[in-house]
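Here is the structure we will look at, set down as C-alpha coordinates.
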Amino acid sequence: MGNYRARRIKGTLLLSSESPSIKKAASILQNGGLVAFPTETVYGLGASALDSSAVKKIFTAKGRPADNPLIVHLSAVEELESVAQNIPDQAYILAESFWPGPLSLVLERAPAVSPLVSAGLETVAVRMPDRSEALNLIKEAKLPVAAPSANLSGSPSPTTYKHVIDDLAGKIDAVIMSTPCAIGVESTVLDLTASRPAILRPGGLSKESLEKVLGMSIALSGKSHATHLPSSPGMKYRHYKPRIPLLLVTGSPPGRKKILRELAAYYGKRGKKAALLNFDLNQHTQRAGDIDEIASKLYYSLRYFDNKGYDLILAEETDQAGLGLAVMNRLAKAATRIIRILD
Ligand code: AMP
Ligand code: MG
(Lines give C-alpha, C1' and ligand atoms only; values in the text may rest on other atoms or scores of the structure.)
(Ligands and ions follow the chains in the order given, each with its own letter.)
Protein backbone atom coordinates (compact mmCIF):
# COMPACT_ATOMS: atom_id res chain seq x y z
CA MET A 1 0.00 0.00 0.00
CA GLY A 2 2.89 2.23 0.89
CA ASN A 3 3.61 4.64 -1.98
CA TYR A 4 2.44 7.87 -0.39
CA ARG A 5 4.35 10.19 -2.75
CA ALA A 6 2.20 13.21 -3.65
CA ARG A 7 1.02 13.02 -7.27
CA ARG A 8 -2.04 13.54 -9.44
CA ILE A 9 -4.32 10.97 -11.08
CA LYS A 10 -6.80 12.39 -13.63
CA GLY A 11 -6.47 15.76 -11.89
CA THR A 12 -7.18 14.40 -8.38
CA LEU A 13 -4.39 15.25 -5.94
CA LEU A 14 -3.02 12.30 -3.94
CA LEU A 15 -1.67 13.52 -0.60
CA SER A 16 0.20 11.88 2.26
CA SER A 17 -0.96 12.35 5.84
CA GLU A 18 2.09 14.48 6.77
CA SER A 19 1.34 17.89 8.25
CA PRO A 20 1.91 20.03 5.09
CA SER A 21 -0.40 17.69 3.13
CA ILE A 22 -3.10 17.89 5.81
CA LYS A 23 -2.81 21.73 5.65
CA LYS A 24 -3.27 21.57 1.88
CA ALA A 25 -6.31 19.26 2.24
CA ALA A 26 -7.82 21.56 4.90
CA SER A 27 -7.49 24.57 2.62
CA ILE A 28 -9.26 22.63 -0.16
CA LEU A 29 -12.18 22.03 2.27
CA GLN A 30 -12.20 25.70 3.34
CA ASN A 31 -12.44 26.69 -0.33
CA GLY A 32 -15.47 24.49 -1.00
CA GLY A 33 -13.62 21.46 -2.45
CA LEU A 34 -13.87 17.70 -1.85
CA VAL A 35 -11.25 15.64 0.03
CA ALA A 36 -11.41 11.86 0.64
CA PHE A 37 -9.79 10.73 3.90
CA PRO A 38 -9.41 7.55 5.97
CA THR A 39 -11.54 6.85 9.02
CA GLU A 40 -11.62 3.75 11.22
CA THR A 41 -14.81 2.55 9.44
CA VAL A 42 -14.38 3.27 5.70
CA TYR A 43 -12.80 6.09 3.64
CA GLY A 44 -15.04 9.20 3.70
CA LEU A 45 -15.62 11.90 1.07
CA GLY A 46 -15.57 15.22 2.91
CA ALA A 47 -16.85 18.75 2.26
CA SER A 48 -17.63 21.69 4.55
CA ALA A 49 -20.99 20.93 6.22
CA LEU A 50 -21.63 24.71 6.33
CA ASP A 51 -21.34 25.25 2.56
CA SER A 52 -24.30 24.07 0.43
CA SER A 53 -22.46 24.33 -2.87
CA ALA A 54 -19.62 22.16 -1.50
CA VAL A 55 -22.10 19.60 -0.13
CA LYS A 56 -23.84 19.49 -3.50
CA LYS A 57 -20.55 18.42 -5.09
CA ILE A 58 -20.49 15.29 -2.89
CA PHE A 59 -23.84 14.14 -4.29
CA THR A 60 -22.66 14.85 -7.86
CA ALA A 61 -19.29 13.08 -7.52
CA LYS A 62 -20.85 9.93 -6.00
CA GLY A 63 -24.02 9.93 -8.10
CA ARG A 64 -25.83 9.83 -4.75
CA PRO A 65 -29.62 10.40 -4.57
CA ALA A 66 -30.33 13.81 -2.99
CA ASP A 67 -32.63 12.27 -0.33
CA ASN A 68 -29.82 10.19 1.21
CA PRO A 69 -28.40 12.25 4.12
CA LEU A 70 -24.71 12.62 5.07
CA ILE A 71 -22.96 12.20 8.42
CA VAL A 72 -21.18 15.26 9.89
CA HIS A 73 -17.71 14.56 11.31
CA LEU A 74 -16.24 16.50 14.27
CA SER A 75 -12.82 16.54 15.94
CA ALA A 76 -14.05 17.24 19.51
CA VAL A 77 -17.25 16.80 21.55
CA GLU A 78 -17.27 20.58 22.19
CA GLU A 79 -18.05 21.12 18.48
CA LEU A 80 -21.40 19.34 18.88
CA GLU A 81 -23.29 22.55 19.73
CA SER A 82 -22.25 24.12 16.42
CA VAL A 83 -24.08 21.44 14.40
CA ALA A 84 -26.92 20.25 16.66
CA GLN A 85 -29.37 21.81 19.14
CA ASN A 86 -31.59 20.66 22.05
CA ILE A 87 -29.03 17.92 22.60
CA PRO A 88 -30.22 15.29 25.10
CA ASP A 89 -27.97 14.15 27.99
CA GLN A 90 -27.83 10.68 26.43
CA ALA A 91 -25.79 12.13 23.55
CA TYR A 92 -23.07 13.31 25.96
CA ILE A 93 -23.10 9.99 27.85
CA LEU A 94 -22.68 8.08 24.58
CA ALA A 95 -20.04 10.47 23.26
CA GLU A 96 -18.10 10.07 26.50
CA SER A 97 -18.14 6.27 26.12
CA PHE A 98 -17.76 5.82 22.37
CA TRP A 99 -16.19 8.93 20.74
CA PRO A 100 -13.96 8.95 18.90
CA GLY A 101 -15.52 5.84 17.38
CA PRO A 102 -18.01 4.26 14.95
CA LEU A 103 -21.21 5.73 16.44
CA SER A 104 -23.29 8.39 14.61
CA LEU A 105 -25.93 10.16 16.69
CA VAL A 106 -29.04 11.56 15.01
CA LEU A 107 -29.93 14.88 16.69
CA GLU A 108 -31.90 18.05 15.95
CA ARG A 109 -29.99 19.99 13.23
CA ALA A 110 -28.55 23.46 14.06
CA PRO A 111 -29.29 26.22 11.52
CA ALA A 112 -25.62 26.63 10.51
CA VAL A 113 -25.53 23.17 8.90
CA SER A 114 -26.49 23.11 5.23
CA PRO A 115 -29.97 21.55 4.85
CA LEU A 116 -28.56 19.53 1.93
CA VAL A 117 -26.48 17.53 4.45
CA SER A 118 -29.71 16.23 6.02
CA ALA A 119 -31.49 15.72 2.68
CA GLY A 120 -34.33 17.96 3.86
CA LEU A 121 -34.73 16.37 7.32
CA GLU A 122 -34.73 18.52 10.49
CA THR A 123 -32.18 16.13 12.00
CA VAL A 124 -28.45 15.63 11.50
CA ALA A 125 -26.24 12.57 12.06
CA VAL A 126 -22.95 13.41 13.85
CA ARG A 127 -19.85 11.48 14.86
CA MET A 128 -16.17 11.82 15.78
CA PRO A 129 -13.97 9.41 13.79
CA ASP A 130 -11.21 7.39 15.50
CA ARG A 131 -8.41 8.02 12.99
CA SER A 132 -5.69 10.62 13.49
CA GLU A 133 -5.61 11.69 9.80
CA ALA A 134 -9.36 12.49 9.94
CA LEU A 135 -9.14 14.31 13.28
CA ASN A 136 -6.12 16.35 12.13
CA LEU A 137 -7.88 17.33 8.92
CA ILE A 138 -11.08 18.45 10.68
CA LYS A 139 -9.05 20.36 13.31
CA GLU A 140 -6.91 22.06 10.68
CA ALA A 141 -9.95 23.02 8.55
CA LYS A 142 -11.81 24.35 11.63
CA LEU A 143 -15.01 23.07 10.04
CA PRO A 144 -17.60 20.36 10.64
CA VAL A 145 -17.03 17.97 7.72
CA ALA A 146 -19.97 16.26 5.98
CA ALA A 147 -18.72 12.91 4.70
CA PRO A 148 -20.46 9.85 3.28
CA SER A 149 -18.43 6.83 2.15
CA ALA A 150 -16.01 7.76 -0.67
CA ASN A 151 -17.36 5.34 -3.29
CA LEU A 152 -19.67 5.60 -6.29
CA SER A 153 -23.24 5.30 -5.05
CA GLY A 154 -24.35 1.64 -5.00
CA SER A 155 -20.89 0.03 -5.02
CA PRO A 156 -19.10 -1.48 -1.99
CA SER A 157 -17.66 1.15 0.36
CA PRO A 158 -13.90 1.86 0.11
CA THR A 159 -11.56 0.51 2.76
CA THR A 160 -8.30 1.49 0.99
CA TYR A 161 -7.25 4.71 -0.73
CA LYS A 162 -6.90 2.68 -3.95
CA HIS A 163 -10.61 1.86 -3.82
CA VAL A 164 -11.28 5.62 -3.64
CA ILE A 165 -9.07 6.25 -6.67
CA ASP A 166 -10.81 3.43 -8.61
CA ASP A 167 -14.22 5.06 -8.04
CA LEU A 168 -13.57 8.80 -7.83
CA ALA A 169 -10.27 9.85 -9.51
CA GLY A 170 -11.04 12.87 -11.71
CA LYS A 171 -14.25 13.63 -9.78
CA ILE A 172 -12.83 14.96 -6.50
CA ASP A 173 -10.06 17.40 -5.55
CA ALA A 174 -7.88 15.24 -3.30
CA VAL A 175 -7.41 11.91 -1.50
CA ILE A 176 -5.37 11.44 1.68
CA MET A 177 -3.43 8.20 1.19
CA SER A 178 -2.95 6.00 4.24
CA THR A 179 -3.38 2.46 5.55
CA PRO A 180 -6.66 0.47 5.22
CA CYS A 181 -9.62 1.04 7.52
CA ALA A 182 -9.54 -1.23 10.57
CA ILE A 183 -13.26 -1.74 11.18
CA GLY A 184 -14.35 -2.02 7.55
CA VAL A 185 -18.09 -1.37 7.90
CA GLU A 186 -19.77 2.03 8.35
CA SER A 187 -20.76 3.55 11.70
CA THR A 188 -23.81 2.51 13.70
CA VAL A 189 -26.52 5.21 13.28
CA LEU A 190 -28.51 5.79 16.49
CA ASP A 191 -31.58 8.04 16.54
CA LEU A 192 -31.81 10.12 19.73
CA THR A 193 -34.73 12.30 18.56
CA ALA A 194 -37.52 9.77 19.27
CA SER A 195 -38.85 8.90 22.75
CA ARG A 196 -36.51 5.87 22.90
CA PRO A 197 -33.13 5.49 21.19
CA ALA A 198 -33.35 3.33 18.05
CA ILE A 199 -30.71 1.94 15.70
CA LEU A 200 -31.42 3.18 12.17
CA ARG A 201 -28.44 1.33 10.70
CA PRO A 202 -26.33 -1.38 12.39
CA GLY A 203 -22.60 -0.74 12.02
CA GLY A 204 -19.15 -0.75 13.57
CA LEU A 205 -20.35 -0.32 17.18
CA SER A 206 -22.35 -3.32 18.42
CA LYS A 207 -25.93 -3.09 19.68
CA GLU A 208 -24.76 -4.94 22.83
CA SER A 209 -22.18 -2.20 23.63
CA LEU A 210 -24.83 0.52 23.28
CA GLU A 211 -27.32 -1.36 25.45
CA LYS A 212 -24.72 -1.82 28.20
CA VAL A 213 -24.02 1.92 28.45
CA LEU A 214 -27.65 3.03 28.11
CA GLY A 215 -28.92 0.29 30.45
CA MET A 216 -31.86 -0.56 28.20
CA SER A 217 -32.65 -2.69 25.20
CA ILE A 218 -32.49 -0.84 21.88
CA ALA A 219 -34.79 -1.49 18.95
CA LEU A 220 -33.69 -1.84 15.33
CA SER A 221 -35.91 0.72 13.68
CA GLY A 222 -38.32 -0.71 11.11
CA LYS A 223 -36.46 -4.00 10.99
CA SER A 224 -37.82 -6.38 8.41
CA HIS A 225 -37.58 -10.00 9.57
CA ALA A 226 -37.24 -11.21 6.00
CA THR A 227 -34.11 -9.23 5.17
CA HIS A 228 -32.77 -7.94 8.51
CA LEU A 229 -32.79 -4.47 6.96
CA PRO A 230 -33.67 -1.52 9.20
CA SER A 231 -35.30 1.49 7.59
CA SER A 232 -33.33 4.72 7.46
CA PRO A 233 -33.17 7.34 4.73
CA GLY A 234 -30.75 6.01 2.21
CA MET A 235 -31.06 2.43 3.39
CA LYS A 236 -33.83 1.90 0.82
CA TYR A 237 -31.30 2.27 -2.00
CA ARG A 238 -29.32 -0.39 -3.79
CA HIS A 239 -26.09 -0.56 -1.81
CA TYR A 240 -22.78 -2.33 -1.43
CA LYS A 241 -23.24 -4.34 -4.65
CA PRO A 242 -20.31 -5.95 -6.42
CA ARG A 243 -20.65 -6.09 -10.21
CA ILE A 244 -20.85 -9.91 -10.22
CA PRO A 245 -23.89 -11.71 -8.69
CA LEU A 246 -23.81 -12.57 -4.98
CA LEU A 247 -25.85 -15.48 -3.62
CA LEU A 248 -26.36 -15.34 0.13
CA VAL A 249 -27.12 -18.70 1.77
CA THR A 250 -28.87 -18.60 5.17
CA GLY A 251 -30.10 -21.30 7.57
CA SER A 252 -28.52 -23.62 10.16
CA PRO A 253 -24.70 -23.96 9.84
CA PRO A 254 -24.63 -27.61 8.65
CA GLY A 255 -27.47 -27.04 6.14
CA ARG A 256 -26.08 -23.85 4.64
CA LYS A 257 -22.52 -25.20 4.45
CA LYS A 258 -23.74 -28.30 2.58
CA ILE A 259 -25.63 -26.14 0.05
CA LEU A 260 -22.61 -23.84 -0.37
CA ARG A 261 -20.39 -26.84 -1.16
CA GLU A 262 -22.96 -28.14 -3.64
CA LEU A 263 -23.38 -24.75 -5.30
CA ALA A 264 -19.59 -24.33 -5.62
CA ALA A 265 -19.35 -27.78 -7.26
CA TYR A 266 -22.34 -27.04 -9.53
CA TYR A 267 -20.85 -23.80 -10.86
CA GLY A 268 -17.34 -25.34 -11.05
CA LYS A 269 -18.61 -28.10 -13.37
CA ARG A 270 -20.08 -25.46 -15.63
CA GLY A 271 -16.77 -23.62 -15.89
CA LYS A 272 -17.80 -20.77 -13.58
CA LYS A 273 -15.33 -19.42 -11.05
CA ALA A 274 -17.20 -19.03 -7.75
CA ALA A 275 -15.65 -17.10 -4.84
CA LEU A 276 -16.54 -18.33 -1.39
CA LEU A 277 -17.14 -15.62 1.19
CA ASN A 278 -15.71 -15.90 3.82
CA PHE A 279 -15.62 -18.87 6.09
CA ASP A 280 -13.93 -22.19 6.49
CA LEU A 281 -16.48 -24.61 5.07
CA ASN A 282 -15.18 -27.47 7.21
CA GLN A 283 -16.00 -25.65 10.40
CA HIS A 284 -19.56 -25.69 11.64
CA THR A 285 -19.27 -22.66 13.82
CA GLN A 286 -17.32 -19.43 13.58
CA ARG A 287 -14.74 -18.79 16.26
CA ALA A 288 -15.42 -15.96 18.71
CA GLY A 289 -13.68 -12.82 17.47
CA ASP A 290 -13.80 -13.95 13.82
CA ILE A 291 -16.67 -11.63 13.07
CA ASP A 292 -14.52 -8.48 13.54
CA GLU A 293 -12.09 -9.83 10.96
CA ILE A 294 -14.93 -10.76 8.60
CA ALA A 295 -16.29 -7.19 8.91
CA SER A 296 -12.90 -5.61 8.29
CA LYS A 297 -12.38 -7.63 5.07
CA LEU A 298 -15.97 -7.61 3.77
CA TYR A 299 -15.87 -4.73 1.25
CA TYR A 300 -12.25 -5.47 0.39
CA SER A 301 -13.26 -9.03 -0.58
CA LEU A 302 -16.25 -7.89 -2.65
CA ARG A 303 -14.07 -5.50 -4.66
CA TYR A 304 -11.28 -8.10 -4.94
CA PHE A 305 -13.60 -10.77 -6.40
CA ASP A 306 -15.00 -8.17 -8.83
CA ASN A 307 -11.53 -7.45 -10.18
CA LYS A 308 -10.00 -10.94 -10.25
CA GLY A 309 -12.14 -12.65 -12.86
CA TYR A 310 -14.67 -14.42 -10.62
CA ASP A 311 -18.13 -15.07 -12.08
CA LEU A 312 -20.10 -15.02 -8.85
CA ILE A 313 -19.81 -14.88 -5.05
CA LEU A 314 -21.30 -17.51 -2.73
CA ALA A 315 -21.69 -15.95 0.71
CA GLU A 316 -22.62 -17.63 3.97
CA GLU A 317 -24.81 -16.16 6.70
CA THR A 318 -22.91 -15.00 9.80
CA ASP A 319 -23.98 -15.06 13.44
CA GLN A 320 -25.74 -11.80 14.32
CA ALA A 321 -23.95 -11.08 17.61
CA GLY A 322 -21.56 -8.10 17.75
CA LEU A 323 -20.60 -6.82 14.30
CA GLY A 324 -22.45 -9.80 12.76
CA LEU A 325 -25.59 -7.64 12.67
CA ALA A 326 -23.86 -5.08 10.44
CA VAL A 327 -22.21 -7.76 8.27
CA MET A 328 -25.56 -9.49 7.62
CA ASN A 329 -27.23 -6.15 6.89
CA ARG A 330 -24.60 -5.40 4.22
CA LEU A 331 -24.64 -8.95 2.78
CA ALA A 332 -28.44 -8.88 2.47
CA LYS A 333 -28.21 -5.58 0.56
CA ALA A 334 -25.35 -6.81 -1.63
CA ALA A 335 -27.16 -10.06 -2.52
CA THR A 336 -28.78 -10.64 -5.89
CA ARG A 337 -30.50 -13.68 -4.31
CA ILE A 338 -30.99 -14.88 -0.73
CA ILE A 339 -31.35 -18.67 -0.44
CA ARG A 340 -32.88 -19.79 2.86
CA ILE A 341 -32.25 -23.41 3.82
CA LEU A 342 -35.07 -24.89 5.92
CA ASP A 343 -34.03 -27.96 7.87
P1 AMP B 1 -22.82 6.75 4.37
O2 AMP B 1 -21.90 7.63 5.14
O3 AMP B 1 -22.54 6.72 2.90
O4 AMP B 1 -22.87 5.40 4.99
O5 AMP B 1 -24.29 7.36 4.49
C6 AMP B 1 -24.79 7.87 5.69
C7 AMP B 1 -26.04 7.13 6.15
O8 AMP B 1 -26.33 7.59 7.45
C9 AMP B 1 -27.29 7.42 5.34
O10 AMP B 1 -27.46 6.57 4.23
C11 AMP B 1 -28.41 7.20 6.36
O12 AMP B 1 -28.73 5.83 6.42
C13 AMP B 1 -27.74 7.63 7.68
N14 AMP B 1 -28.11 9.01 8.07
C15 AMP B 1 -27.43 10.15 7.87
N16 AMP B 1 -28.07 11.23 8.35
C17 AMP B 1 -29.22 10.78 8.88
C18 AMP B 1 -30.35 11.40 9.50
N19 AMP B 1 -30.39 12.71 9.70
N20 AMP B 1 -31.36 10.61 9.90
C21 AMP B 1 -31.31 9.26 9.70
N22 AMP B 1 -30.29 8.61 9.12
C23 AMP B 1 -29.26 9.35 8.69
MG1 MG C 1 -22.19 4.91 1.73
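Just so you know, ligand 1 is whichever comes first in the structure, and atom 1 is the first atom listed for that ligand.
- Residue A125 approaches ligand 1 through these ligand atoms, each under 4.0 Å from one of its heavy atoms: 15 (C), 16 (N), 17 (C), 19 (N).
- Side-chain atoms of L137 and V145, non-hydrogen and from C-beta on, never get closer than 4.5 Å to each other.
- Between E79 and S75, the side chains place a donor N or O and an acceptor N or O closer than 3.5 Å (distance only, hydrogens not considered).
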Candidate pair R243 and N307, rule side chain to side chain donor-acceptor pair (under 3.5 Å), full reasoning: CA-CA 9 Å; R243 290 188 298 270; N307 293 321; 3.0 Å; yes
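- Here atom 20 (N) of ligand 1 lies nearest to L121 when heavy atoms of L121, T193, I58 are compared.
- For the 3.5 Å distance criterion, the side chains of N151 and R64 fail to qualify, holding no donor opposite an acceptor.
- Contact annotation: for P69 versus ligand 1, heavy atoms closer than 4.0 Å belong to both the backbone and the side chain.
- At a cut-off of 3.5 Å, with distance as the only test, a side-chain donor of S157 or E186 sits close to an acceptor on the other residue.
- F305 is linked by a ring pair (Phe, Tyr, Trp, His ring centres under 6.0 Å) to Y310, counting only residues two or more places apart in sequence or in another chain.
- With a 6.0 Å cutoff to the six-membered ring centre and a 45° limit on the axis angle, R303 does not count as a cation-pi contact of Y299.
- At a heavy-atom cutoff of 4.0 Å, ligand 1 is contacted by both the backbone and the side chain of T123.
- Residue-and-atom listing of protein N/O/S atoms under 2.8 Å from the Mg ion (ligand 2), sorted by chain and number: S149 OG.
- Counting atoms of ligand 1 from 1 in the listed order, those under 4.0 Å from a heavy atom of L200 are 21 (C), 22 (N).
- Polar contact check, R201 against ligand 1: a nitrogen or oxygen pair lies under 3.5 Å apart.
- Qualifying side chain to side chain contact (heavy atoms under 4.5 Å, CB included) partners for S206, counting only residues two or more places apart in sequence or in other chains: E208, S209.
- Checked against a 3.5 angstrom limit, the closest N/O atoms of S149 and ligand 1 fall inside it.
- Residues S178 and E133 have side chains that bring a donor and an acceptor to within less than 3.5 angstrom of each other.
- Remark: the T123 side chain and the R109 side chain contain no N/O donor-acceptor pair separated by less than 3.5 Å.
- Ligand 1 has an N or O atom lying under 3.5 Å from an N or O atom of N68, backbone or side chain.
- Using a non-hydrogen distance threshold of 4.0 Å, L70 registers as a contact of ligand 1.
- With ligand atoms numbered from 1 in the order given, ligand 1 contributes 4 (O) to contacts under 4.0 Å with heavy atoms of E186.
- Only the side chain of R64 comes within contact range of ligand 1, with a heavy atom under 4.0 Å; no backbone atom does.
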Give the table of side-chain donor-acceptor pairs shorter than 3.5 Å for residues 32-42, with sequence neighbours excluded, one pair per line with atom names and distance.
{"residue": "T39", "atom": "OG1", "partner": "T41", "partner atom": "N", "Å": "3.1"}
{"residue": "T39", "atom": "OG1", "partner": "T41", "partner atom": "OG1", "Å": "2.9"}
{"residue": "T39", "atom": "OG1", "partner": "V42", "partner atom": "N", "Å": "3.4"}
{"residue": "T39", "atom": "OG1", "partner": "V42", "partner atom": "O", "Å": "2.7"}
{"residue": "T39", "atom": "OG1", "partner": "R127", "partner atom": "NH2", "Å": "3.3"}
{"residue": "E40", "atom": "OE1", "partner": "R127", "partner atom": "NH1", "Å": "3.4"}
{"residue": "E40", "atom": "OE1", "partner": "R127", "partner atom": "NH2", "Å": "3.1"}
{"residue": "E40", "atom": "OE1", "partner": "D130", "partner atom": "N", "Å": "3.1"}
{"residue": "E40", "atom": "OE2", "partner": "R127", "partner atom": "NH1", "Å": "2.8"}
{"residue": "E40", "atom": "OE2", "partner": "D130", "partner atom": "N", "Å": "3.2"}
{"residue": "T41", "atom": "OG1", "partner": "R127", "partner atom": "NH2", "Å": "3.3"}

